[in-house]
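Order of the sequence lines fixes the chain letters, A, B, ..., with proteins taken first and strands second; residue numbering starts at 1 for each chain.
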Amino acid sequence: MPELPEVEIVRRGLEPVMLGQRLIGVDQRRADLRFPFPEDFPARLMGRTIASVSRRAKYLVITLCDGTVLIMHLGMSGRFTIEHGTQTIAFGDYVYNTGADAKHDHVVFTLANGARIVYNDPRRFGFMVLSTVGEWTAHPLFADLGVEPLGNELSATYLARKAQGKRSDLKSFLLDQRVVAGLGNIYVSEALHQAALSPRRVAGSLSRADGAPTLRAERLVPEIRKVLRAAIDAGGSSLKDYRQTDGSSGGFQNEFAVYGRDGEPCQRPGCTGTIHRTVQAQRATYACGNCQR
DNA sequence: ACTGTACCCTGTAGGC
DNA sequence: TGCCTACAGGGTACAG
């Protein structure tokens, strides 16, 4: 599920509950997810107080007051559920069971305020890693990451420089986390449609021979930002049998212009084309063959 | 160095 | 009802 907007929504859900709280319980229920858990994972977290809950790309980055950094990735199907008193709020993936699903509850964090934060992940493509305040940005997971798409570093000039000489297609280029960190399969399709660029266009066409950005690159950057901001404002996207639990999250899927709309007419004003689903690099791509060039 | 493919895992939807 | 296949928002490991 989670691309940058969804992870950001999860972060915003966890932060007010976790910030300043001491971890009084870490229940790790299996040896591995996508990767093995770190050695002595619970013991290295227990008793510490949470100093910050932040995000980098699709990673949640939780800093503890002793300098430990807990890095979490939700993979395809990870979600967090906060159980606090009688209230239960879920953040993240709702593709699968929306009810009790203890079978895939892999980690339970208990806070001093009594809240229980349950990590559930049926496909187990998520993972958790430990690092330190001084070292985590140099961790192999982060060392080669590209720029944050909502930060100042993303520019047409940056994209053009990264794209120069690249012969792969534009969609694969944008999915590459070393280029723009946090984009995923949905929002790449959406941004390319908004920018009227074909996902099959060669990535190098964002760059002129001298490495300067083309007009396509100039057009693409603001559309990437816009679609991500709009998704965050809408509380992220949720597919399939999503049900709202806190009344405020997860409606952007209703605003997709192309994703999941195979066979539907293009919504671009004046365009008479049809959205088609194709496959690139084993992933579904949705685009209008008429207005995206 | 690049580019493309196979693969990790479970659950769900749809065809028969 | 069951069986089978294809597909799902993630990233990595390898082969060429």
OP1, OP2 of B/dG11 versus side-chain N and O of A/K103: anything below 4.0 Å? yes
*asked:* Does B/dC9 have OP1 or OP2 under 4.0 Å away from a side-chain N or O of A/H104?
replied: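 It does not, given that no N or O in the side chain of A/H104 lies less than 4.0 Å from OP1 or OP2 of B/dC9.
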- Item | A/R178, CZ atom: more than 12 neighbouring heavy atoms under 6.0 Å | no
A/R219: what forms a salt bridge (charged side-chain N to carboxylate O under 4.0 Å, His left out) with it, not counting sequence neighbours?
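For A/R219 there are no salt bridge (charged side-chain N to carboxylate O under 4.0 Å, His left out) partners, ignoring immediate neighbours.
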*Mind checking who B/dC8 pairs with, Watson-Crick or G-U wobble, both distances under 3.5 Å?*
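Pairing partner, where one exists within any strand: C/dG10.
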**Message:** Can you work out whether A/F125 or A/R167 has the more 5'-proximal nearest nucleotide on DNA chain B?
**Reply:**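 It is A/R167, whose closest nucleotide lies nearer the 5' terminus.
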Where each residue is assigned the nucleotide of DNA chain B containing its nearest heavy atom, which of A/Q282 and A/G165 is assigned the position nearer the 5′ end?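 Mapping each residue to its closest nucleotide by heavy atoms, the 5'-most match is A/G165.
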Taken to the nearest whole Å, CZ/A/R277 to C1'/C/dG9 is 13 Å
(Q) What I want to check is whether an N or O donor and acceptor connect the side chain of A/R123 with the base of B/dC9 at under 3.5 Å. (A)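 Such a pair is found, so the answer is yes.
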Q | A/D105 bridged to A/K103 by N-O distance under 4.0 Å | A |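 Between A/K103 and A/D105 there is no salt bridge, as every charged N stays at least 4.0 Å from the carboxylate O atoms.
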- Less than 4.0 Å between a side-chain N and a carboxylate O, is that true for A/E148 and A/R56?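 A salt bridge is present here (some side-chain N lies under 4.0 Å from a carboxylate O).
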Under a 4.0 Å heavy-atom criterion, the protein footprint on nucleotides 11-16 of chain C, written with B, S and -, is BS----
